[in-house]
Colleague: 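Right, I'll just put the structure down here and ask away after.
Quick caveat, the model's predicted, so the values are computed rather than measured.
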Amino acid sequence: MSDQQITVHAYDATWPDRFADQQAIVTPLLEPWLAGPIEHIGSTSVPGLRAKPVIDMLAPVRSLAAAQAVIPVLRRAGWWDWPDDPNSSYRLWFLRPSPQARTHHLHMIERDDVHARALLMFRDALRADAALRQNYADLKDRLAVEHPDNRNAYTNAKGDFVAQVLRGAGADVPSRGLLPE
């Protein structure tokens, strides 16, 4: 399966609206499994931060095992799942509309899981610290040049920075499987 090239764009003030539009569509579909509101996470959720123009969404669920039942529901709604996700022990992960033209990622993680807390803490740390935000933007720009055709290598290479930010925020750094490069 081919994938979309890595390009980092200037912050787009429409990203929160694009999140809200999809949140309104997905929330009723996920309602039986949700343990709280769907959150806007990732770089597009941080005002002023350059990012790949893909909206990341965190759907906190009560039970990951029970949430498996949502897979066919989301497929019918145009979401692609990733059965071979190396992090399937703690999440269900989806994208839309296709791997070649992504607009949204959906992460379904149990509400109290350390991975869900880490995603929110990382977002909040970037929102609160302009220097940290700039350092992350610079890293993303460099990695986009180094890995223009390998989304997983780009993501994996950000891991040390994310871990450093989480430790600085006093958080446990959850283990995460490397994505296949």
Colleague: Can you tell if the side chain of T103 reaches within under 4.5 Å of the side chain of I55, non-hydrogen atoms only?
Modeller: no
Colleague: A side-chain contact here means heavy atoms from C-beta on lying under 4.5 Å apart; do T44 and L49 qualify?
Modeller: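 No, too far: nothing below the 4.5 Å cut-off.
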Colleague: Any chain of hydrophobic side-chain contacts (each under 4.5 Å) joining L139 to L166?
Modeller: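 Yes, because L139 and L166 connect within a single hydrophobic cluster, where side-chain heavy atoms sit under 4.5 Å apart.
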Colleague: Less than 4.5 Å apart, any side-chain heavy atom of V165 and any of V162?
Modeller: no
Colleague: Just by modelled atom types, is the A67 backbone N or O under 3.5 Å from a matching donor or acceptor in the R62 side chain?
Modeller: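 No: the side chain of R62 does not pair with the backbone of A67.
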Colleague: For A131 and D129, which heavy atoms make the closest approach, and how far apart are they?
Modeller: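 Between these two residues, the closest heavy atoms are N-OD1, 3.0 Å.
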Colleague: Quick check: is V46 connected to I6 through a chain of hydrophobic side chains (ILVMFWY, heavy atoms under 4.5 Å apart)?
Modeller: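 Shared cluster, yes.
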Colleague: Do the non-hydrogen side-chain atoms of Q22 and R96 ever get within less than 4.5 Å of each other?
Modeller: yes
Colleague: Taking all non-hydrogen atoms of both residues into account, name the closest pair between L29 and P32 and its distance.
Modeller: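 The answer is O-CD, 3.8 Å.
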Colleague: Go through the steps to decide whether V173 and R167 satisfy the test side-chain contact (heavy atoms from CB on, under 4.5 Å), and finish with yes or no.
Modeller: CA-CA 7 Å; V173 179; R167 279 192 294 277; 3.5 Å; yes
Colleague: Is it the case that the side chain of T27 and the backbone of A24 share a donor-acceptor pair, with hydrogens and angles ignored and the cut-off at 3.5 Å?
Modeller: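 Absent.
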Colleague: Determine yes or no for a side-chain-to-main-chain donor-acceptor pair under 3.5 angstrom, with T14 supplying the side chain and D17 the backbone.
Modeller: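 Looks like no, no N/O pair under 3.5 Å.
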Colleague: Carefully, step by step, assess L30 and L106 under the rule side-chain contact (heavy atoms from CB on, under 4.5 Å).
Modeller: CA-CA 11 Å; L30 302 183; L106 176 63; 4.2 Å; yes
Colleague: If the plane angle is over 60° it's perpendicular, under 30° parallel, otherwise tilted; pick one for W79 and F94.
Modeller: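 Rings of W79 and F94: perpendicular, as their planes differ by over 60°.
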Colleague: Which atoms form the tightest heavy-atom contact between S98 and W80, and what is the distance?
Modeller: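 Heavy-atom minimum between the residues: CA-NE1, 3.7 Å.
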Colleague: Over 60° means perpendicular and under 30° means parallel, so tell me whether F161 and Y136 are parallel, tilted or perpendicular.
Modeller: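 Parallel, since the angle between the ring planes stays under 30°.
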Colleague: Hey, what do you get for NZ (K140) to CZ (R142), rounding to the nearest 0.5 Å?
Modeller: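 It is 13.0 Å, given to the nearest 0.5 Å.
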Colleague: Could you check whether any side-chain heavy atom of S63 comes within less than 4.5 Å of a side-chain heavy atom of W33, counting everything from C-beta outward?
Modeller: no
Colleague: V54, Y11: one ILVMFWY side-chain cluster at the under-4.5 Å cut-off?
Modeller: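 No, no single cluster joins them.
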Colleague: Thinking salt bridges, do R123 and E39 make one under a 4.0 Å N-O criterion?
Modeller: yes
Colleague: Begin from the C-alpha positions of R151 and R102 and carry the test side-chain contact (heavy atoms from CB on, under 4.5 Å) through to its verdict.
Modeller: CA-CA 12 Å; R151 178 178 295 274; R102 300 170 188 220; 3.2 Å; yes
Colleague: Mind checking the NZ-NE2 spacing from K52 to H105? Nearest 0.5 Å is all I need.
Modeller: 7.0 Å
Colleague: First locate atom CG of L64, then atom CZ of R111, and finally report the distance between them rounded to the nearest 0.5 Å.
Modeller: 14.0 Å
Colleague: Is the shortest side-chain heavy-atom distance between P60 and E110 below 4.5 Å?
Modeller: no
Colleague: Is there a chain of hydrophobic side chains (I, L, V, M, F, W, Y, each step under 4.5 Å between heavy atoms) that links M57 to M108?
Modeller: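 M57 and M108: one cluster.
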Colleague: State the CG-CD distance between D81 and Q68, to the nearest 0.5 angstrom.
Modeller: 9.5 Å
Colleague: In Å, rounded to the nearest 0.5 Å, how long is the span from CD1 of I38 to CG of L58?
Modeller: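 Taking CD1 in I38 and CG in L58, the distance rounds to 9.0 Å.
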Colleague: Would you please say whether a donor-acceptor pair under 3.5 Å links the side chains of D56 and H40?
Modeller: no
Colleague: Going by atom types alone, do Q134 and D138 pair a side-chain donor with an acceptor below 3.5 Å?
Modeller: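 There is such a pair (donor and acceptor under 3.5 Å, judged by atom type) between the side chains of Q134 and D138.
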Colleague: Could you give the distance from CE (M121) to CD1 (I41), rounded to the nearest 0.5 Å?
Modeller: 14.5 Å
Colleague: Any link between V61 and I71 through a network of hydrophobic side chains (Ile, Leu, Val, Met, Phe, Trp, Tyr) touching at under 4.5 Å?
Modeller: yes
Colleague: What verdict does the side-chain contact (heavy atoms from CB on, under 4.5 Å) test give for R50 and D141, after you've listed the backbone C-alpha separation in whole Å, the side-chain angles of each residue and the deciding distance to 0.1 Å?
Modeller: CA-CA 8 Å; R50 292 188 304 278; D141 289 341; 2.4 Å; yes
Colleague: Centres of the F19 and W15 rings: under 6.0 Å?
Modeller: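 That pair fails the under 6.0 Å test.
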Colleague: Where do G42 and S45 come nearest, in terms of heavy atoms and distance?
Modeller: O-OG, 2.6 Å
